[in-house]
Number of protein chains: 2
Amino acid sequence: MASLTRLIEQHIQELLKTTTEESVFLSRKDLSEHFGCVPSQINYVIRSRFTPERGYIVESQRGGHGYIRVIRLCLDMPEDRANHIDELIGDTVNEQETRRILANLQHRQLITTRERLLIEVATRFQEEIGSSLLDLSPYKRDSLHAGLLKRLLRSLVLG
Amino acid sequence: MASLTRLIEQHIQELLKTTTEESVFLSRKDLSEHFGCVPSQINYVIRSRFTPERGYIVESQRGGHGYIRVIRLCLDMPEDRANHIDELIGDTVNEQETRRILANLQHRQLITTRERLLIEVATRFQEEIGSSLLDLSPYKRDSLHAGLLKRLLRSLVLG
DNA sequence: ACATCATTGACGAATATTGACCATAACCCT
DNA sequence: AGGGTTATGGTCAATATTCGTCAATGATGT
């Protein structure tokens with residue numbers, strides 16, 4: 001039951017919890033030796049577990065003194081808030097509903113003005129491409145819209 | 001964890017911070033002696049760390065009384081920042097370039113970690129839709145990618 | 001059985017460090 | 001002024017050290 005991937009994932013999360021910094025620097029080589037696996041296993045763990053969608057940002061550098069840096073956004077992830085977001089958005093949303101939702105989140109100080117701006121620009125861009133360049137149906141567009149919005153908000157508000 | 005290149009980089013950045021001028025004059029010879037390395041190591045640090053992309057311009061002169069001058073780009077005007085962004089991105093970008101650009105902008109405190117996360121999630125979503133659902137060519141995807149990234153960053157930087 | 005997730009290893013790409021050799025500017029001496 | 005000397009900085013290629021990608025294979029769950 002204790003898969004290697006899960007062990008390594010937990011190890012990294014433990015490191016994130018115990019540090020006061022917002023990130024940890026890992027050595028792929030050392031980690032792989034510590035867990036007795038091939039180095040590319042570490043890449044697999046990072047790619048599958050520490051994604052932006054889950055609230056992590058990863059930087060790395062090759063060569064001498066290379067590293068893999070994992071940055072965490074949130075420590076806690078309240079489950080009810082995820083459901084709340086899903087309920088709020090549903091399967092489809094239009095631009096008007098989006099603006100209402102964002103205004104509400106901003107009013108409750110869950111997102112900043114700049115973050116709200118980013119989300120509006122991103123959804124509008126997708127809307128624009130979807131309608132003019134790709135000629136998608138209105139339903140399809142609102143569905144994509146909902147998908148993007150959910151993913152953006154989940155990545156931020158949750159971990 | 002102690003990389004010579006990073007030490008030298010930090011030293012120069014410290015000098016830039018503590019001066020009231022917009023630039024510092026360095027002596028390649030003195031610097032290399034101070035850090036106990038070959039002189040060409042300094043060139044490597046300059047070439048890899050103090051690039052226009054990172055907001056620096058470098059002048060130098062050989063011969064007696066030679067020097068290396070590092071100038072910090074001034075991006076006080078929103079218009080200048082927007083142009084800088086456009087130059088960074090160009091007409092097409094892939095995911096790797098995007099990550100570099102975002103890491104750089106965050107390091108220069110032009111965006112926050114949360115904003116960076118939002119941008120990564122948005123571009124990844126578009127990438128996912130563009131490749132799997134819509135089967136766009138790689139060039140087309142990179143071009144759309146650049147379009148979205150420019151718009152997101154410009155919206156932030158013009159504020 | 002099929003689909004998804006996990007593991008492995010061969011090969012490739014990026015970064016750091018060093019040193020030999022090249023180029024240029026100031027200074028000094030006729 | 002001219003030309004040699006000295007003092008700088010620049011370039012490039014070789015080498016070492018990391019990390020990334022991709023495709024094949026194995027394991028696990030439905």
Side-chain angles (χ1 to χ4, degrees), chain A residues 1-12 23-54 56-71, chain B residues 1-12 23-51 53-54 56-71 93-101 103-104 107 120 124 127-128 131-132 138 141-142:
Chain A
M1 207 58 208
S3 83
L4 194 46
T5 293
R6 234 166 293 179
L7 283 181
I8 298 172
E9 177 193 5
Q10 283 166 14
H11 177 73
I12 296 175
S23 68
V24 285
F25 286 86
L26 311 170
S27 152
R28 188 180 81 145
K29 185 163 158 289
D30 292 352
L31 255 191
S32 65
E33 277 169 10
H34 181 263
F35 283 100
C37 62
V38 293
S40 58
Q41 175 92 37
I42 308 301
N43 294 89
Y44 178 72
V45 177
I46 295 286
R47 193 175 2 116
S48 59
R49 307 291 208 261
F50 296 89
T51 63
E53 284 80 2
R54 294 190 183 191
Y56 297 95
I57 290 179
V58 174
E59 298 173 2
S60 67
Q61 193 168 45
R62 307 183 189 185
H65 304 100
Y67 60 82
I68 297 176
R69 180 188 183 196
V70 180
I71 309 173
Chain B
M1 197 54 189
S3 151
L4 193 47
T5 294
R6 282 202 278 270
L7 284 180
I8 299 172
E9 176 193 6
Q10 283 166 20
H11 177 74
I12 297 174
S23 70
V24 285
F25 286 87
L26 310 170
S27 152
R28 188 180 82 145
K29 184 163 161 291
D30 291 352
L31 256 189
S32 65
E33 277 169 7
H34 181 263
F35 283 100
C37 63
V38 293
S40 58
Q41 175 92 39
I42 307 301
N43 294 87
Y44 177 72
V45 176
I46 295 288
R47 190 176 4 112
S48 60
R49 305 295 211 262
F50 295 90
T51 61
E53 177 175 306
R54 295 188 179 208
Y56 299 96
I57 292 177
V58 175
E59 298 170 358
S60 68
Q61 193 170 73
R62 309 184 187 188
H65 307 300
Y67 61 82
I68 298 176
R69 182 186 183 195
V70 179
I71 309 168
V93 284
N94 56 34
E95 286 189 82
Q96 196 183 351
E97 288 169 316
T98 299
R99 280 197 298 270
R100 285 175 91 94
I101 290 171
N104 180 237
H107 186 251
E120 285 211 18
R124 280 164 64 99
E127 175 70 23
E128 191 180 309
S131 67
S132 73
R141 275 182 281 155
D142 286 355

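Keep in mind that the numbers below use all heavy atoms, side chains included, and drop hydrogens, waters and symmetry copies. Just so it is clear: chains get the letters A, B, ... in the order the sequence lines come, proteins before strands, and each one is counted from 1.
- The OH-C1' distance, from A/Y67 to D/dC19, rounds to 11 Å in whole Å.
- Toward the 5' end of DNA chain C, the nearer of the two residues B/R100 and B/G64, judged by each one's closest nucleotide, is B/R100.
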What nitrogen or oxygen pairs link the protein and nucleotides 22-28 of chain D at under 3.5 Å?
none

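- At the heavy-atom level, A/I42 lies nowhere under 4.0 Å from the strands shown.
- Across all strands, B/R69 comes closer than 4.0 Å to no nucleic acid atom at all (heavy-atom distances).
- Rounded to an integer number of Å, the gap from B/R6 CZ to C/dT15 P is 12 Å.
- A/F25 places its CZ atom 15 Å from the C1' atom of D/dC19, with the value rounded to the nearest Å.
- Rounded to whole Å, atom P of D/dT8 lies 10 Å from atom CD of B/E33.
- For C/dA25, the base has no donor-acceptor partner in the side chain of B/R62 [N/O atoms by modelled type, under 3.5 angstrom].
- Applying the 6.0 Å contact sphere to CZ of B/R69 captures more than 12 heavy atoms from other residues, nucleotides or ligands.
- Sparse packing is recorded around CD of B/E53, with 12 or fewer heavy atoms of other residues, nucleotides or ligands lying under 6.0 Å away.
- Residue B/R28 places none of its side-chain N or O atoms closer than 4.0 Å to OP1 or OP2 of C/dT24.
- Here the nucleotide nearest the side chain of B/K29, chosen from D/dG10, D/dT8, C/dT15, is D/dT8.
- Classification of B/K29 and B/E33 as a salt-bridged pair holds, one side-chain N sitting under 4.0 Å from a carboxylate O.
- The 5' end of DNA chain D is approached more closely, in terms of each residue's nearest nucleotide, by B/N43 than by the other of B/N43 and B/Q96.
- A salt bridge is defined here as a Lys NZ or Arg NE, NH1 or NH2 lying under 4.0 Å from an Asp or Glu carboxylate O, and B/R99 with A/E59 fails to meet this definition.
- Checking C/dA16, D/dC19, C/dG19 against every side-chain atom of B/S48, the shortest atom distance belongs to C/dA16.
- Across D/dC19, C/dA6, C/dA16, the shortest atom-to-atom separation from the side chain of A/S60 is found for D/dC19.
- If you check D/dG9, C/dT8, C/dG19 against the side chain of B/V38, the one that comes closest is C/dG19.
- Of all nucleotides listed (D/dC19, C/dG9, C/dA16), D/dC19 comes nearest to the side chain of A/I68.
- Between A/L4 atom CG and C/dG9 atom P there is a gap of 13 Å when expressed in whole angstrom units.
- Across all strands shown, B/G66 has heavy atoms under 4.0 Å from sugar-phosphate atoms exclusively, and none from any base.
- Rounded to an integer number of Å, the gap from CG of B/N94 to P of D/dG20 is 15 Å.
- Out of C/dA25, C/dG9, C/dT17, the shortest distance to the side chain of B/Q61 is found at C/dA25.
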